[in-house]
Amino acid sequence: MRKYIVGNWKMNGTSNDLQEISAIAALATQYPAVDIAICLPATLIARAASLVPGFAIGGQDCHQQASGAHTGCISAPMLVDAGARLTIIGHSERRADQYETDANICAKAMAAHDAGLRAIVCVGETLTQRDAGKAIEIVLGQLESSLPDEADGDWLSVAYEPVWAIGTGRIPDESDVAEMHFAIRKHIISRFGSDGEAIRILYGGSMNGENASILLAIPNVDGGLIGGASLGAVKFEPIIDAAA
Ligand code: 13P
């Protein structure tokens, strides 16, 4: 399976950062064996997409409906119109800050697919849940309710992002990542049959140039969803290189 390395810029980036997007897109051309994308704040998508037309630019969320009276929201067809090819759905920061539920996330994933976007659906446990020995149960429950009934690897990826590893510099033990990704693989194969074998499972949470080669070598880790270390080409390159 080709590795998928996706940057999530979160609420970072203005016009001044367009040159960094160009640098990342230029870098990507040196790694033809890796699928690379950057998910940007909505305000930058159209400019980035026209600046680097050969490179995959994505959004970080979409509304479940195509249009309507939803002030401040952005729909999947709007992302496509702006030049996006993919979007993140159900990031833990949105689950927490915007109170997104598994049902919302499922509807958003289907909306993204209907509009022709690839979707990365995020799941992950909190530290309290892990300490209580409930990490796998929580993540499988999130998958059960946030993945649509039909999916395949051409458009869907899953990102396992332990909430306590995001932006903290902490990562789980290799054996915990392996156990979780195996459990996710089993779940998606049981749901989607052989299509579940081709759905990429990304790891996210403090992935950086130092730990990427270890994390990306774990079975069923098919790529990474990277926050802080994707904000610049220099920090992002070693992760792409590890994937290659
Ligand atoms: P960090 O790589 O900054 O920990 O963020 C991970 C993340 O949330 C990506 O979606």
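The basis for the numbers below is simple: all heavy atoms, side chains too, and nothing from hydrogens, waters or symmetry mates. Just so you know, ligand 1 is whichever comes first in the structure, and atom 1 is the first atom listed for that ligand.
- For Q142, the side-chain contact (heavy atoms from CB on, under 4.5 Å) test picks out R95, D102, V123, I138, V139, S146, with sequence neighbours left out.
- D222 has a carboxylate O that lies under 4.0 Å from a charged side-chain N of R185, or vice versa, which qualifies the two as a salt bridge.
- A salt bridge is defined here as a Lys NZ or Arg NE, NH1 or NH2 lying under 4.0 Å from an Asp or Glu carboxylate O, and E125 with K134 fails to meet this definition.
- Here OG of S206 is found 7.5 Å from CG of N211. Values are rounded to the nearest 0.5 Å.
- For the atom pair SG of C106 and CG of L143, the computed distance is 11.5 Å after rounding to the nearest 0.5 Å.
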- request: Let me see the working for D35 and R200 under salt bridge (charged side-chain N to carboxylate O under 4.0 Å, His left out), right down to the final yes or no.
  value: CA-CA 11 Å; D35 291 334; R200 288 183 284 200; 2.8 Å; yes
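- Ligand 1 lies under 4.0 Å from heavy atoms of N8, K10, H91, E161, A165, I166, G167, G205, S206, L225, I226, G227, G228.
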